[in-house]
Amino acid sequence: MWGAATAAYQIEGAAREDGRTPSIWDTFSHTPGKVFEGHTGDVAVDHYHRFREDVRLMKELGLTAYRFSVSWPRVQPTGRGPAVQKGLDFYRALVDELLAAGIRPAVTLYHWDLPQELEDAGGWPHRATAERFAAYAGLVGDALGDRVDRWTTLNEPWCSAFLGYGSGVHAPGRTDPVAALRAAHHLNLGHGLAVQALRAALPARAEVGVSLNLHQVRPLTGTTEDLDAARRIDAVGNRIWLGPMLEGAYPEDLAADTARLTDWSFVRPADAATAQQALDFLGVNYYTPTLVSAVARVGVGSVMADGGHGGGGHSPWAGADDVVFHQPPGERTAMGWSVDASGLYDLLMRMTREYPDLPLYVTENGAAYEDAVGPDGSVDDPERVAYLHRHLEAVHRAVESGADVRGYFLWSLLDNFEWSYGYAKRFGAVHVDYATQTRTPKASAHWYARLARSGVLPDLPGA
Ligand code: IFM
């Protein structure tokens with residue numbers, strides 16, 4: 001499956017149309033100082049009105065699958081009660097257009113845009129939000145289940161919990177490590193409840209999974225202290241999701257690492273069993289590895305503030321906020337993230353070893369670069385082509401080594417609203433001129449189209 005991925009708030013725009021109400025990202029982006037130069041998703045790339053053009057573009061690019069997220073406040077504005085038909089109609093029309101173009105839709109239910117009303121009632125740190133999420137999942141499952149076969153509950157819950165409630169660089173912008181841990185638990189619970197609701201609403205052929213931004217954590221040295229720093233980040237970055245969702249329990253070391261913050265009494269006895277639902281696949285989102293040490297050391301790559309997640313001054317790493325994050329020397333993207341495809345290979349192989357029966361999808365992978373339209377109107381992005389080439393080679397190697405990878409979704413189809421960076425970072429295979437909304441496929445899009453059509457990795461230009 002050769003796909004591309006997007007998310008509702010990053011592309012749709014139409015923020016106040018057809019009954020949609022504000023999400024936490026509307027509130028956050030409209031709060032001065034939260035997003036680069038005050039950018040918001042009010043208009044974004046106007047996909048809400050231009051989705052037919054965008055699907056035509058996907059077809060021209062040979063995509064066989066498209067992963068998008070549903071905006072909760074567009075479908076269920078208050079986060080409670082019945083669905084708004086106009087909101088559902090938009091997604092029905094999008095799915096119909098995709099199917100007519102021979103592109104398989106993959107739906108993500110939650111890509112960070114919690115209805116503001118639910119945040120006002122306590123947000124993810126509050127247990128009822130998990131129950132609300134399951135009810136919303138059922139509504140969307142009922143509406144689209146006849147035509148969508150692939151579903152993910154949450155996208156990157158680590159970001160929702162720890163950037164949203166810990167470091168505060170994402171909406172809703174809270175900076176409370178205990179709230180972040182509570183949010184993480186209710187996201188796990190919400191995932192389990194949503195899987196149950198989806199199973200009740202969907203035909204048996206539907207596949208249900210979750211997309212995690214797993215951290216490929218590497219210790220800077222082999223010292224006991226650095227190995228322990230890597231273990232702690234693995235616990236609060238990865239196993240905090242993998243444990244409950246796939247094994248039915250939180251890792252014991254996580255409880256010990258966070259004991260000075262909380263006794264985890266917000267976890268009820270039956271929650272672990274609820275969070276652990278049989279899944280049809282695990283979605284892996286990967287961009288860059290994570291290099292850590294126990295203490296700062298001079299001369300081994302620069303130290304990154306806040307674990308490379310934003311510069312907000314607060315750590316997102318509840319219980320592990322003393323760990324030092326390093327920028328490895330070498331090539332970086334416009335996000336400052338180091339380019340290292342071996343991290344994707346290692347991650348896919350780890351998941352294969354630990355969960356051998358669980359099929360995998362790469363549900364996000366890609367890079368931001370400073371792309372510009374050339375005098376002839378084309379956009380040449382050789383760094384992105386090289387990035388994708390190396391990462392797809394890594395996926396291929398993993399498949400050859402036994403990983404059951406069923407599909408790859410490039411992030412992202414279009415340049416879009418990159419959260420707290422606003423429109424300053426371009427991840428798209430298709431360039432968007434934000435003043436005119438003109439779409440121009442970049443060289444990487446043409447390169448990816450050749451791959452999607454042939455199934456063969458094209459040579460790198462100039463190689
Ligand atoms: O743009 C984001 C996306 O919303 C979630 N995963 C990472 C991408 C790049 O930062």
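Atoms within a ligand are numbered from 1 in the order they appear, just like the ligands themselves.
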Shortest non-hydrogen contact from [X] toward [Y]:
X      : Y      : result
Thr333 : Ala368 : CB-O, 3.4 Å
His391 : Tyr287 : NE2-O, 4.3 Å
Pro105 : Arg147 : CG-O, 3.9 Å

If the cut-off is 4.0 Å to any non-hydrogen atom of [X], which atoms of ligand 1 fall inside it?
X      : result
Glu156 : 5 (C), 6 (N), 7 (C)
Glu364 : 3 (C), 5 (C), 6 (N), 7 (C), 8 (C)
Trp337 : 10 (O)
Gln10  : 1 (O), 3 (C), 4 (O)

Could you find the nearest protein heavy atom to atom 8 (C) of ligand 1 and give me its residue, atom name and distance?
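The answer is Tyr287 OH, 3.4 Å.
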Closest non-hydrogen protein atom to atom 10 (O) of ligand 1, residue and atom name please, with distance?
Glu418 OE2, 2.6 Å
Asn155-ligand 1 polar pair, N/O distance under 3.5 Å
no
Under 3.5 Å, is there a donor-acceptor pair between the side chain of Arg426 and the main chain of Ala334?
no
Check: Thr108 side chain, His111 main-chain N or O, donor-acceptor pair, under 3.5 Å:
no
For Arg232, run the salt bridge (charged side-chain N to carboxylate O under 4.0 Å, His left out) check against Asp321, Asp257, Asp322 and tell me which one passes.
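Exactly one candidate clears the test, Asp322.
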Could you establish whether Tyr9 and ligand 1 come within less than 4.0 Å of each other, counting only heavy atoms on the residue side?
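Tyr9: no contact with ligand 1 (<4.0 Å).
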Contact with ligand 1 for His111, non-hydrogen, under 4.0 angstrom
yes
Run the ring-centre check on His185 versus Trp124 and record whether the distance is less than 6.0 Å.
no
